[in-house]
Each structure stands twice: as structure tokens, then as C-alpha cells.
A.B. asks: 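The structure under discussion is supplied below as C-alpha cells; questions concerning it will follow.
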Amino acid sequence: MARALPTLNSPHVLRRPVRTPSGVYVCGDHRDTPSIQGALFSGRRAAEAVLTDQGLATTMRRRVVS
Ligand SMILES: Cc1cc2nc3c(=O)[nH]c(=O)nc-3n(C[C@H](O)[C@H](O)[C@H](O)COP(=O)(O)OP(=O)(O)OC[C@H]3O[C@@H](n4cnc5c(N)ncnc54)[C@H](O)[C@@H]3O)c2cc1C
């Protein structure tokens, strides 16, 4: 199963940027750890990045906590 998962070399960068220089937001296991947890967490980070850039980050954090 070549390319089934992103490689997990040591040392591994655990938090790759979810904002690209071109302004595109990306998420997936290739941004965090190659796992479902990594994919989900990167999705949250990407959503938070979008909301932060839109000036709505505080609103989202309140919703997540409540
Ligand atoms: C055999 C196997 C077993 C695993 N077991 C576990 C486990 O037990 N626990 C665990 O935590 N993780 C496990 N993983 C890892 C986990 O499945 C992945 O890390 C996780 O699914 C990654 O989610 P993702 O959303 O980043 O990418 P993906 O789930 O790969 O989703 C990417 C999606 O993008 C689509 N896509 C790709 N290119 C394009 C394109 N050009 N245009 C449109 N769509 C496109 C693909 O079809 C796919 O639907 C396993 C992986 C494999 C292969």
C-alpha cells in the first residue's frame, strides 16, 4: 500500500501550517500525525485559522467549549 499514509519520520514535524502562502487553507493527516486523530485535529486548526483570519476566533472557541 504505497502512499497509503504520510511518512512519519524522526524527527517529525507534528504541526505543519494549515495556511499556505497562497492563502489556501489545508487540513488532513499530512498536517499533523498520520492518523484519524491527526486528521481531525488539523481540521480544527484549519477552521480556527479561517475564523481567526475573519476576526471570529473568539466566537468559535466559545461554541467549542460550551
Ligand atoms: C489500512 C489503514 C488503516 C488505518 N488504521 C488507522 C487506525 O486504526 N487508527 C487511526 O487513527 N488511523 C488509521 N489509519 C490512518 C487514517 O485512516 C488516516 O490518517 C486518515 O483517514 C486521514 O484522513 P484525511 O482526511 O487526512 O485523509 P483521507 O481519509 O485519505 O481523505 C482524503 C480524501 O480526499 C480524497 N481526494 C484525494 N485527492 C483528491 C482530489 N484531487 N480531489 C478530490 N478529492 C481527493 C480522497 O479520495 C479521500 O476521500 C489507517 C490508514 C490505513 C490506510
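In each ligand, atom 1 is the first atom listed, and ligand 1 is the first ligand listed.
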A.B. asks: Any protein heavy-atom neighbour for atom 45 (C) of ligand 1 (distance below 4.0 angstrom)?
C.D. replies: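 Protein heavy atom within 4.0 Å of atom 45 (C) of ligand 1: absent.
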A.B. asks: How close do V18 and A49 get, heavy atom to heavy atom, and via which atoms?
C.D. replies: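 Shortest heavy-atom separation between V18 and A49 comes out as CG2-CB, 3.9 Å.
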A.B. asks: Under a 4.0 Å heavy-atom limit, does S35 contact ligand 1 with its side chain, its backbone, both, or neither?
C.D. replies: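 The answer is both.
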A.B. asks: Give the minimum heavy-atom separation between P17 and V26, together with the two atoms involved.
C.D. replies: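 It is O-CG2, 4.0 Å.
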A.B. asks: Which residue and atom name correspond to the protein heavy atom nearest atom 2 (C) of ligand 1, and how close is it?
C.D. replies: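 So the nearest neighbour among protein heavy atoms is M1 CE, 4.5 Å.
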A.B. asks: Taking only heavy atoms of D29 into account, list the atoms of ligand 1 that are under 4.0 Å away from them.
C.D. replies: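 Numbered from 1, ligand 1 contributes 18 (C), 19 (O), 20 (C), 22 (C), 26 (O).
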A.B. asks: In the complex you have, is atom 10 (C) of ligand 1 within reach of the protein, judged by whether a heavy-atom distance drops under 4.0 Å?
C.D. replies: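 For atom 10 (C) of ligand 1 the answer is yes, since some protein heavy atom falls inside 4.0 Å.
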A.B. asks: With no hydrogens and no angle check, is any side-chain donor or acceptor of R31 less than 3.5 Å from a backbone partner on R45?
C.D. replies: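 Not at all, since once roles are kept as given, no pair shorter than 3.5 Å links the two residues.
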A.B. asks: Looking at A39, which atoms of ligand 1 are within less than 4.0 Å of one of its heavy atoms?
C.D. replies: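 Answer for ligand 1: 22 (C), 23 (O), 24 (P), 26 (O).
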A.B. asks: Transitive ILVMFWY cluster of Y25 at side-chain heavy atoms under 4.5 Å: who else is in it?
C.D. replies: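 V50, which link up through side-chain heavy atoms under 4.5 Å apart, make up the rest of the cluster.
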A.B. asks: Looking only at protein heavy atoms, which one is nearest to atom 53 (C) of ligand 1, and how far off is it?
C.D. replies: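 The answer is A4 CB, 3.8 Å.
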A.B. asks: Of the protein's non-hydrogen atoms, which lies at the shortest distance from atom 13 (C) of ligand 1, and what is that distance?
C.D. replies: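 Checked against all protein heavy atoms, atom 13 (C) of ligand 1 sits closest to I36 CG1, 4.5 Å.
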A.B. asks: Can you name the closest pair of heavy atoms from S42 and G28 and give their distance?
C.D. replies: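 In this case the closest contact between S42 and G28 is OG-N, 2.7 Å.
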A.B. asks: Should you measure from each heavy atom of G28, which atoms of ligand 1 turn up under 4.0 Å away?
C.D. replies: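 Checking each atom against G28, I get 26 (O).
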A.B. asks: In residues 9-16, what donor-acceptor pairs under 3.5 Å come from side-chain atoms, sequence neighbours left out?
C.D. replies:
{"unit_1": "H12", "atom_1": "NE2", "unit_2": "D32", "atom_2": "O", "d": "3.2"}
{"unit_1": "R15", "atom_1": "NH1", "unit_2": "D32", "atom_2": "OD2", "d": "2.8"}

A.B. asks: Is the shortest distance from atom 22 (C) of ligand 1 to a protein heavy atom below 4.0 Å?
C.D. replies: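 Under the 4.0 Å cut-off, atom 22 (C) of ligand 1 does have protein heavy-atom neighbours.
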A.B. asks: For atom 5 (N) of ligand 1, state whether the nearest protein heavy atom is under 4.0 Å away.
C.D. replies: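 Under the 4.0 Å cut-off, atom 5 (N) of ligand 1 has no protein heavy-atom neighbours at all.
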A.B. asks: Near L5, which atoms of ligand 1 are under 4.0 Å from a heavy atom of that residue?
C.D. replies: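 Counting atoms of ligand 1 from 1, those under 4.0 Å from L5 are 15 (C), 18 (C), 19 (O), 51 (C).
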A.B. asks: As a test of the contact definition, would atom 35 (C) of ligand 1 count as having a protein heavy-atom neighbour under 4.0 Å?
C.D. replies: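 Within 4.0 Å of atom 35 (C) of ligand 1, no protein heavy atoms are found.
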